[in-house]
Number of protein chains: 2
Amino acid sequence: MPKLGMEPIRKTALVKATIVEIGRAGSLDVTVGQIAKRAGMSTALAHHYFGGKEAIFLAAMRHILSLYGAEVRGALCVVGGPRARLDAILLASFSPANFRREVVSAWLNFYVLAQTVPGARRLLAVYQARLQSNLTHALRPLIGARAPGVAAALGALIDGVYLREALGPGAADGRAAIYLVQAYLAAELNKGSGA
Amino acid sequence: MPKLGMEPIRKTALVKATIVEIGRAGSLDVTVGQIAKRAGMSTALAHHYFGGKEAIFLAAMRHILSLYGAEVRGALCVVGGPRARLDAILLASFSPANFRREVVSAWLNFYVLAQTVPGARRLLAVYQARLQSNLTHALRPLIGARAPGVAAALGALIDGVYLREALGPGAADGRAAIYLVQAYLAAELNKGSGA
DNA sequence: AAGTTTATTGACCCGTCAATCAACAAAAAA
DNA sequence: TTTTTTGTTGATTGACGGGTCAATAAACTT
């Protein structure tokens, strides 16, 4: 009973199923069969629409990234002042959604993939550049020329804190992460006015 | 021509071969056969000494971690003042050895493994606790009670900077990483004396 | 009605891989 | 010297996984 216009539906179903399965496995050791089954179709169909396993993974990564991007954009377009913009970025970066098991697993494996798969590396560069740009714009009114450097550090700090929070012993707590990064921000802003 | 006392030799050969192969593959998609071949023995022997693939991986991770620990200890035992101790930790953390492809790959896959393999998670916790302890001890004379909090941030920053440097576009540059972290340190120390 | 495009699958092929085992070799112990 | 321990491997196995393909069926076109 093939209905027409199935392609986008199947593709998104596969992408979502892929993220879930990566979360379950904690790695990319996920078979096309598992993904297809969870998405409610045959393995052959998954191959038909994506052409191969790697393409499925990349589509899933793109999806994760676009979700995060949307969250940041959404948070940014509401608030006004530069300081509030920074907080909005932090809030979006450490939102509970980003600490779900599937998302954490996707990110970690994304890093692994970025070593060898050019597509993944490009995607990662896009994410980092966007974060850098957002942070720099928000920082510029506060610290002027020092903005790019601080933004770089801030971006790295966000990644590092995320890593530790996600792999830490207890349940991930976004608030603790935000608090920690805000303390760094306070130090940098203070330095600007003090020196 | 079996000589006696082969076990430690074979085991270290396997561990080193494992790290090399992980670096080559960029992932844990490495067969016992590849590892054994590089180590100059049969797959059966690898199984004989380690009992299974996961045990080989964990041994390799332990090796990476112990190398890093030794590097830090070595750097620490030479210098005197608290500020110099901090720099020593940074220097060891961002030494060229840590940016070799195999080491980067081992770390990234270590993170992935830590999600699901308890042994890997424990190992990671040990590393983080040791770093935290080293940093706190070095920071205490400089900023007193604020030391633990700043150490946590510093640890996260080190991980984050490492990640970006290792996955960045160009060749990894430890000096840039050190410079970035030192800028953060300056801000935090300045804050302490300024407020 | 005949032909084309889209959707879909079960079955299959080919390769790979972790793990096992039987067997052999040399040194050490008895 | 016989036995046991240690070292070592080739061959095998059992399972699995990615990818292909032929075949089927519904919808759309002419």
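Labels below follow one simple rule: chain letters A, B, ... track the order of the sequence lines, proteins then strands, and each chain is numbered from 1.
A close approach under 4.0 Å does occur between a side-chain nitrogen or oxygen of A/Y49 and OP1 or OP2 of C/dT8. Residue A/R10 places at least one side-chain N or O closer than 4.0 Å to OP1 or OP2 of C/dT8.
Heavy atoms from other residues, nucleotides or ligands lying under 6.0 Å from CZ of B/R101 number 12 at most. Annotation for A/K37: atom NZ does not count as buried by contact number, only 12 or fewer foreign heavy atoms lying within 6.0 Å.
Look at CE on B/M6: it is 15 Å from P on C/dA26, rounded to the nearest Å. One atom, CG of B/L28, and another, C1' of C/dA18, lie 15 Å apart when rounded to the nearest Å. Taking atom CD on B/Q34 and atom C1' on C/dA18, their separation rounds to 13 Å, with Å as the unit. Rounded to whole Å, the distance from CG on B/D29 to P on D/dG17 is 13 Å. Atom-to-atom, CD of B/E7 to P of D/dT6 comes out at 9 Å; the value is rounded to the nearest Å. What separates CG of A/L45 from P of C/dT8 is a distance of 5 Å, to the nearest Å. A/K37 has its NZ atom 12 Å from the P atom of C/dG10, to the nearest Å. Going from atom CG of A/L4 over to atom P of D/dA25 covers 17 Å, rounded to whole Å.
Proximity note for A/A44 (side chain, C-beta onward) versus D/dG17, D/dT20, D/dG10: the nearest is D/dT20. Looking at the side chain of A/V32, the nearest of the listed nucleotides D/dT9, C/dA18, D/dG18 is D/dG18.
If you check every strand for non-hydrogen atoms under 4.0 Å, A/F50 touches nothing. Within the 4.0 angstrom heavy-atom criterion, base atoms lie near A/S42.
Using a 4.0 Å cut-off between a side-chain N of Lys or Arg and a carboxylate O of Asp or Glu, A/E188 and A/R146 qualify as a salt bridge.
With the nearest nucleotide of DNA chain D identified for both A/K53 and B/P8, B/P8 has the one nearer the 5' end.
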Go through the steps to decide whether B/Y68 and B/Y127 satisfy the test ring-ring contact (aromatic ring centres under 6.0 Å, His included), and finish with yes or no. CA-CA 9 Å; B/Y68 169 75; B/Y127 150 74; 5.6 Å; yes
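With rounding to the nearest 0.5 Å, the separation of CG in A/D159 from CG in B/D159 is 10.5 Å.
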